[in-house]
Amino acid sequence: MRAELEYAVDTFGCKREEGGTEVWGWDGRSLSAPVTAEGRQCWIRVAGQLRGKVTSGAYNGPEAAAWHIPAKVPRPQFIGMHRWERGGFSYYADLHTHLLGRPLSATALPPDDLRLSDHWWDQLAGALAAISRVSSSRVAVRAERLTWAMPRFLGHGAPTEPPSWTTAHGDIQWSNLAGPELEIIDWERWGCAPEGYDVAVLYVSSLAAPDVAAQVRDRFSDVLDSPAGRFSQLYAASEFIQGFERGNNLRLESPLRALVASLL
């Protein structure tokens with residue numbers, strides 16, 4: 001991955017920043033680093049997958065977002081993308097301007113002492129509303145995934161058909177949100193999902209930090225308390241419960257299972 005990152009840096013004509021920190025993605029499938037391109041600070045990310053295992057749309061999420069997501073949704077500016085294959089793997093790299101602020105967390109879960117301004121929350125609500133109104137053929141959550149995952153991780157009585165669908169970022173958890181001014185990163189997955197999915201993921205990922213979860217619920221109670229929002233919380237919960245089997249985010253397990261019991 002480091003060799004492929006250097007290849008991408010050369011391909012884009014960038015320069016690695018001295019002492020720049022490498023950031024590894026989940027399971028080592030991506031590697032990112034700060035770079036300088038045409039005199040400005042940027043961020044490059046390389047992702048890899050076994051050739052033949054790449055899902056449709058997986059490579060063009062950031063580029064498609066640049067074309068279709070409204071400019072008023074705050075995010076780093078997309079500069080370019082490059083794809084290649086080597087040694088049985090498919091790779092892609094995307095180049096963006098650097099964040100103006102910083103990610104709010106190094107993981108999907110928030111820090112316990114996170115405090116955000118009313119302006120930040122207003123920006124987030126506006127951004128998610130704008131994303132939901134985008135018309136796109138991209139898919140973030142597939143219906144067959146719901147049919148398989150909900151009974152598998154929530155029990156056979158769990159619902160599997162959402163009341164409605166809409167467009168979503170698809171991964172609104174705390175490592176993909178920046179501050180103190182809102183910026184949303186990681187547009188790889190965006191597309192159609194159950195309505196309320198983005199808010200549900202944010203709420204579920206906050207449950208281990210009760211004060212933060214209370215802020216999310218206060219801001220988005222209209223979404224979370226709707227039939228669509230309740231369904232999306234259950235589906236988001238199923239994703240995190242699947243992660244528990246791999247040892248991920250175990251701080252969430254007790255409050256999440258309590259939430260699932262109340263929703264069911």
Side-chain angles (χ1 to χ4, degrees), residues 23-30 102-116 121 124 128 140-163 168-179 184-186 188-190 193-264:
V23 177
W24 288 92
W26 181 78
D27 205 27
R29 295 185 184 181
S30 69
R102 58 175 180 78
L104 296 174
S105 178
T107 72
L109 312 189
D112 292 335
D113 58 351
L114 182 65
R115 295 291 181 271
L116 297 163
W121 286 109
L124 180 62
L128 297 185
V141 177
R142 298 187 179 279
E144 53 266 33
R145 167 74 184 179
L146 301 177
T147 303
W148 173 79
M150 307 276 286
R152 167 71 176 79
F153 298 107
L154 304 180
H156 291 293
T160 58
E161 295 185 12
H169 171 276
D171 198 15
I172 294 289
Q173 39 86 359
W174 291 100
S175 64
N176 287 334
L177 298 170
I184 302 175
I185 60 176
D186 193 357
E188 181 177 305
R189 188 181 173 190
W190 76 277
E195 183 178 356
Y197 177 69
D198 281 341
V199 170
V201 171
L202 188 65
Y203 180 59
V204 166
S205 68
S206 304
L207 291 175
D211 288 347
V212 180
Q215 293 178 69
V216 178
R217 170 156 284 285
D218 180 61
R219 284 287 175 159
F220 297 103
S221 60
D222 57 330
V223 176
L224 294 170
D225 292 336
S226 70
R230 291 171 66 85
F231 178 92
S232 285
Q233 288 174 74
L234 285 170
Y235 176 59
S238 76
E239 293 184 301
F240 278 97
I241 290 171
Q242 182 178 14
F244 296 159
E245 295 183 353
R246 307 186 189 109
N248 298 333
N249 302 311
L250 294 179
R251 289 175 53 215
L252 276 180
E253 185 163 13
S254 178
L256 181 56
R257 292 194 184 278
L259 174 67
V260 168
S262 70
L263 289 170
L264 290 175

> Roughly how far apart are Ile185 CD1 and Leu177 CG, rounded to 0.5 Å?
Replying inline: 8.0 Å
> Any idea which heavy atoms bring Ala237 and Val260 closest together, and the distance?
Replying inline: CB-CG2, 3.5 Å
> If we only count heavy atoms from C-beta on, is the Val216 to Trp121 side-chain gap below 4.5 Å?
Replying inline: yes
>> What's the separation between atom CG in Asp211 and atom OG in Ser206, rounded to the nearest 0.5 Å?
In response: 11.0 Å
>> Any non-hydrogen side-chain atom of Leu202 less than 4.5 Å from a side-chain atom of Leu124?
In response: yes
> What are the two closest heavy atoms between Ala140 and Ala193, and how far apart are they?
Replying inline: CB-CB, 4.4 Å
>> Applying side chain to side chain contact (heavy atoms under 4.5 Å, CB included), can you list everything that pairs with Thr147, at least two apart in sequence or on another chain?
In response: none
> If you measure only the distance, is there a donor-acceptor pair under 3.5 Å linking the side chains of Trp148 and Thr160?
Replying inline: no
> Taking only residues two or more places apart in sequence, or in another chain, which ones meet Ala209 in a side chain to side chain contact (heavy atoms under 4.5 Å, CB included)?
Replying inline: Pro110, Asp112, Val212
> Just wondering, more than 12 heavy atoms not from Glu144 lying within 6.0 Å of its CD?
Replying inline: yes
> Please walk me through it: do Ile184 and His169 pass side-chain contact (heavy atoms from CB on, under 4.5 Å)?
Replying inline: CA-CA 9 Å; Ile184 302 175; His169 171 276; 3.5 Å; yes
> Taking atom CG of Leu207 and atom CG of Leu256, what is their separation to the nearest 0.5 Å?
Replying inline: 6.0 Å
> Pairs in or reaching into residues 252-264: which pass salt bridge (Lys or Arg N to Asp or Glu O under 4.0 Å), with residues at least two apart or in two chains?
Replying inline: Glu253-Arg257
> Pairs in or reaching into residues 235-245: which pass salt bridge (Lys or Arg N to Asp or Glu O under 4.0 Å), with residues at least two apart or in two chains?
Replying inline: Arg152-Glu245, Arg189-Glu239
>> Using side-chain contact (heavy atoms from CB on, under 4.5 Å), reason through Asp198 and Val223 one step at a time and then give a plain yes or no.
In response: CA-CA 10 Å; Asp198 281 341; Val223 176; over 6 Å; no
> Heavy atoms, side chains only, cut-off 4.5 Å: are Ser175 and Pro103 in contact?
Replying inline: no
> Is there a side-chain contact between Ser238 and Ile241 (heavy atoms, below 4.5 Å)?
Replying inline: no
> If every non-hydrogen atom of Ala178 is compared with every non-hydrogen atom of Leu104, which pair is closest and at what distance?
Replying inline: C-CG, 3.9 Å
>> Quick check: do Arg217 and Leu224 have side-chain heavy atoms less than 4.5 Å from each other?
In response: yes
>> Using 0.5 Å steps for rounding, measure from the CZ atom of Arg251 to the CG atom of Leu109.
In response: 5.5 Å
>> If you compare all heavy atoms of Pro159 against all heavy atoms of Met150, which two are closest, and at what distance to 0.1 Å?
In response: O-CE, 3.1 Å
>> With a 4.5 Å cut-off on side-chain heavy atoms, are Val199 and Ser232 touching?
In response: no
> How would you list, by chain and number, every residue that makes a side chain to side chain contact (heavy atoms under 4.5 Å, CB included) with Glu195, sequence neighbours excluded?
Replying inline: Ser164, Thr166, Ala228
>> Suppose the criterion is ring pair (Phe, Tyr, Trp, His ring centres under 6.0 Å): which pairs have a residue in residues 202-245, not counting sequence neighbours?
In response: Tyr197-Tyr235
> Which pair of heavy atoms, one from Leu154 and one from Leu264, lies closest together, and at what distance?
Replying inline: O-CD1, 3.8 Å
> Roughly how far apart are Trp24 CH2 and Ser30 OG, rounded to 0.5 Å?
Replying inline: 8.5 Å
>> Do Gln215 and Arg115 make a side-chain contact, defined as non-hydrogen atoms from C-beta onward lying under 4.5 Å apart?
In response: yes
>> Minimum heavy-atom separation for Leu263 and Arg230, please, with both atom names.
In response: O-NH2, 3.5 Å
